[in-house]
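Notes follow once the structure below has been shown.
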Protein chains: 2
Amino acid sequence: MSFAEHAIAVLREKGYKVTRPRRQVIEAIGRAEGAMSPGDIGKMMGEGGRHLDQVTIYRVINLLCSLNLVHRVFSQGGYVRCDLLEEEGCHRFLICRGCGSLQEFRDEALCRQESEAARKLGFRAEHHVTESSGLCRDCRD
Amino acid sequence: MSFAEHAIAVLREKGYKVTRPRRQVIEAIGRAEGAMSPGDIGKMMGEGGRHLDQVTIYRVINLLCSLNLVHRVFSQGGYVRCDLLEEEGCHRFLICRGCGSLQEFRDEALCRQESEAARKLGFRAEHHVTESSGLCRDCRD
DNA sequence: GTTGGTGCAAAGGATTTGCAACTTG
DNA sequence: CAAGTTGCAAATCCTTTGCACCAAC
């Protein structure tokens, strides 16, 4: 099942309407290799498909975020589809500075150690986000 | 040596002029417990000390960032002083959702494991940032 | 047919730029 | 004194809000 199919199924399941603008944003984010800002999505619509109002894009992105279908990438100021089905737990991003592509993953052991390091400093960590930059397999050579 | 003293020494050393606005911003960030946005700093100046132009605040913050004297806190949209003297390597933030206070630390072992996890996915990580939210010692009770 | 969603207009912030006047070293 | 900095004005960009119209269920 593709990201778009999954996202649309979730919308239906939660009682949200499946509209043309929502499909368009979902497909744009689903196809993107890296993070997309609301502006990026707007420009892409302007060229290819049918025009989408900028305000609508913001609203759709907010909805998708609240459903954990996309995540905000802080260091890039954009959003990416979330391919991890588990809704809980922390997520980590690998962001290629060569091609801008982005990979998300989870690692329970790292999460635990991160929390443990915080605990030693008297801090009770509840949630954390990590963003790594570097070079992906294709850009290393 | 306080943060402000250290920051001013670095400015001098790198050939930047030590002006009143720069002192003011450095002292504001140095005194703050948590992250401060450019707007926060502007408001604080309006009340206490002498007024500072918003544009100047942006420019001073950019300078301090480029010198690694302050770091951007993504999840908060603000900036904090960096207390770690080593300029290299990754940094981690503990951000209290109770009082908003912020603590920065380094952990070599975590850094290595983070990189190792990336490597297993074919990614060569060069740098990473982690922000954890939770409760600090004082807010846990 | 209802309810929720979209598009438009407009407001509100945040951030950047150009340039003349000023201050530091 | 010269070079680097600041303050102001204004431009630009990003994001949100209110409301009438429209489309999905």
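Chain naming here is simple, since letters A, B, ... match the order of the sequence lines and numbering starts at 1 in each.
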Quick note, ring pair (Phe, Tyr, Trp, His ring centres under 6.0 Å) partners involving residues 13-63 of chain A, not counting sequence neighbours, are none
When every nucleotide of nucleotides 18-25 of chain D is labelled 5' to 3' by its protein contacts under 4.0 Å (heavy atoms), B for base, S for sugar-phosphate only, - for none, what sequence of letters results? B----BBS
Expressed in angstrom and rounded to an integer, what is the separation of Gln24(A) atom CD from dG5(C) atom C1'? 14 Å
Specify the separation, in whole Å, of atom CG of Leu11(B) and atom P of dT23(C). 19 Å
Protein-nucleotide distance (Ile61(B), atom CD1; dT5(D), atom P), rounded to Å: 16 Å
Heavy-atom closest pair (Gln76(A) atom, Gly100(A) atom, distance to 0.1 Å) is NE2-O, 4.3 Å
Less than 4.0 Å between a side-chain N and a carboxylate O, is that true for Arg140(A) and Asp138(A)? no
Salt-bridged, Arg92(A) to Glu131(A), with N to O below 4.0 Å? no
Is there a donor in the side chain of His71(B) and an acceptor in the side chain of Glu104(B), or the other way round, less than 3.5 Å apart? yes
Do Glu126(A) and Arg124(A) meet the salt-bridge criterion of a basic N to acidic O distance under 4.0 Å? no
Find the distance Tyr58(B):OH to dC8(D):P and express it as a whole number of Å. 17 Å
Starting at CD1 of Ile41(B) and ending at C1' of dT15(C), how long is that distance when rounded to a whole Å? 14 Å
NZ/NE/NH1/NH2 to OD/OE distance under 4.0 Å, Arg119(B) and Glu114(B): no
Under a 3.5 Å distance rule, please check whether Gln103(B) uses its side chain to pair with a backbone N or O of Leu94(B) as donor and acceptor. no
Report the residue (Asn62(B) or Pro21(A)) whose heavy-atom-nearest nucleotide on DNA chain C is the more 5′ of the two. Pro21(A)
Rounded to whole Å, please give me the gap between CZ in Arg23(B) and C1' in dG25(C). 13 Å
Using disulfide bond (SG atoms under 2.5 Å apart), reason through Cys90(B) and Cys111(B) one step at a time and then give a plain yes or no. CA-CA 7 Å; Cys90(B) 65; Cys111(B) 277; 2.1 Å; yes
What integer distance in Å separates Ile57(A):CD1 from dC8(C):C1'? 14 Å
Can you figure out which of dG7(D), dC8(C), dT5(D) approaches the side chain of Asp53(A) most closely? dC8(C)
To the nearest 10 degrees, what angle separates the axes at the start and end of the helix from dG1(C)-dC25(D) to dG25(C)-dC1(D), five pairs each? 50°
To the nearest angstrom, the CG-P distance between Asp40(B) and dG13(C) comes to 14 Å
